[in-house]
2 protein chains.
Amino acid sequence: MIDYNGKNYVCRLDFAMDFIRGKWKAVILCHLYKKPKRFLELQRITNGISQKVLNEKLKELELAGLIHKIAYAEVPPKVEYSLTTEGRDLTKILKEMENWSIKYYPHLEVSLIQ
Amino acid sequence: MIDYNGKNYVCRLDFAMDFIRGKWKAVILCHLYKKPKRFLELQRITNGISQKVLNEKLKELELAGLIHKIAYAEVPPKVEYSLTTEGRDLTKILKEMENWSIKYYPHLEVSLIQ
DNA sequence: CAGTATCCTACATGATACTG
DNA sequence: CAGTATCATGTAGGATACTG
């Protein structure tokens, strides 16, 4: 049993997995791997996430220390999100998850609707 | 957009992560890493999972090809769960998740309860 | 452009009791 | 021992409208 930040985990893996729990966090991290991205860019490429949830997840990721947020003092506003070292390390592991799926499911059907 | 088994994924990572989505699947896989385990053993060590959910998750993991189930024809019944090659490969990545958390959170507080 | 606020729904999980 | 069935609940996520 692990207690952290008022949350409760049955083991260390449970704790680790909590950083990327849900449908979107891992996807967002991977989209930030190559280069920083703006809010709207992220929303477009993550393909289906709602504005509300994207914001929630970005906040959680920032609070967890996995991403940086830089808000430029411009009009219209410009905000950029990027990976921290910690987040980059984690995202490398997510890339391995992708590779695992390529190994065992090389021929995934990709639908035309997109 | 990826379609697979009637499910819908926004990208390959989303597809891969679906194999271990939720609180329990990753934990179960890791518990099977060293050696096969029986149902009750699993329930004891996963510390808090309900019987119903453990069964659901084991079924899903088996259907996904990540674990094997062997039922011995004995009374009382004896059933053993073990990792497939595919599942073992995936679990290795989960171990890296654990290592990541050890690197960045070396001193997790462990509560006395349990 | 980058958010926030409100309301709603579906689903994952828990609790409990029962069975071959 | 290893399940299944039933019911209840919390929360993640979606839809939509609004704001600095």
Side-chain angles (χ1 to χ4, degrees), chain A residues 1 5-11 14 17-29 31-32 36-64 67-82, chain B residues 1 5-11 13-14 17-29 31-32 36-64 67-82 114:
Chain A
M1 271 298 206
N5 263 355
K7 279 185 169 182
N8 202 270
Y9 304 98
V10 295
C11 60
D14 183 23
M17 293 298 294
D18 199 38
F19 284 84
I20 50 166
R21 201 150 280 163
K23 186 178 179 68
W24 296 111
K25 284 182 179 176
V27 174
I28 294 170
L29 289 176
H31 277 307
L32 294 178
K37 289 209 169 55
R38 303 178 61 171
F39 185 88
L40 210 70
E41 258 181 298
L42 277 174
Q43 203 189 0
R44 262 190 299 102
I45 59 184
T46 45
N47 191 33
I49 194 172
S50 71
Q51 209 164 4
K52 183 198 129 203
V53 173
L54 179 54
N55 255 297
E56 280 174 13
K57 298 309 150 188
L58 286 171
K59 262 186 198 161
E60 290 171 24
L61 289 170
E62 195 196 355
L63 197 72
I67 64 173
H68 280 308
K69 169 180 175 172
I70 301 177
Y72 297 90
E74 301 176 6
V75 177
K78 176 178 173 179
V79 178
E80 269 193 346
Y81 294 94
S82 57
Chain B
M1 272 297 209
N5 263 356
K7 279 186 171 181
N8 200 271
Y9 304 98
V10 296
C11 61
L13 180 64
D14 182 25
M17 293 298 293
D18 199 38
F19 283 85
I20 50 167
R21 200 150 281 165
K23 187 178 179 68
W24 297 111
K25 284 182 180 177
V27 174
I28 295 170
L29 288 176
H31 277 307
L32 295 178
K37 290 208 166 57
R38 302 178 63 170
F39 185 87
L40 209 69
E41 259 181 298
L42 278 174
Q43 205 190 358
R44 263 190 299 102
I45 58 185
T46 46
N47 190 32
I49 194 171
S50 69
Q51 206 163 7
K52 183 198 128 202
V53 172
L54 179 55
N55 254 298
E56 280 174 11
K57 298 309 149 188
L58 287 170
K59 260 187 199 160
E60 289 170 25
L61 289 170
E62 194 194 358
L63 198 71
I67 65 173
H68 281 307
K69 169 181 176 172
I70 301 177
Y72 298 90
E74 303 177 4
V75 176
K78 175 179 174 177
V79 177
E80 270 193 344
Y81 294 94
S82 58
Q114 186 351 254

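Just so it is clear: chains get the letters A, B, ... in the order the sequence lines come, proteins before strands, and each one is counted from 1.
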Query raised in the report: Does a nitrogen or oxygen in the side chain of B/K52 sit under 4.0 Å from OP1 or OP2 of D/dA8?
Result: no
Report task. Quick one: label B/K25 by what it contacts on the DNA or RNA (base, sugar-phosphate, nothing), any heavy atom closer than 4.0 Å. Result -> nothing
Requested in this report: Looking only at side-chain atoms of A/L40, point me to the closest of C/dT13, C/dT4, C/dC1.
Outcome: C/dC1
Query raised in the report: Just by modelled atom types, is the A/I28 backbone N or O under 3.5 Å from a matching donor or acceptor in the A/K57 side chain?
Result: no
Query raised in the report: Atom CH2 of A/W24 to atom P of D/dG14: distance rounded to whole Å?
Result: 6 Å
Requested in this report: Taking only the side-chain nitrogens and oxygens of B/N55, find out if one of them lies under 4.0 Å from OP1 or OP2 of D/dA2.
Outcome: no
Query - Lys/Arg-Asp/Glu bridge criterion (N-O < 4.0 Å) met for A/E62, A/K59 - result: no
Requested in this report: Tell me whether the OP1 or OP2 atom of D/dG3 has a side-chain N or O from B/Y81 closer than 4.0 Å.
Outcome: yes
Query raised in the report: Considering only D/dA2, C/dG14, D/dG13, which nucleotide approaches the side chain of B/P77 most closely?
Result: D/dA2
Query raised in the report: How would DNA chain C look in dot-bracket form, 5' to 3', counting Watson-Crick and G-U wobble pairs with both distances under 3.5 Å and writing | for bases paired to another strand?
Result: ||||||||||||||||||||
Requested in this report: For B/E74, answer base if it contacts any base atom (sugar-phosphate contacts may also be present), sugar-phosphate if it contacts only those atoms, and nothing otherwise; contact means non-hydrogen atoms under 4.0 Å.
Outcome: nothing
Query raised in the report: To the nearest angstrom, how far is A/I49 atom CD1 from D/dA12 atom P?
Result: 13 Å
Query raised in the report: Does the side chain of B/R38 get closer than 4.0 angstrom to OP1 or OP2 of D/dA2 through an N or O atom?
Result: yes
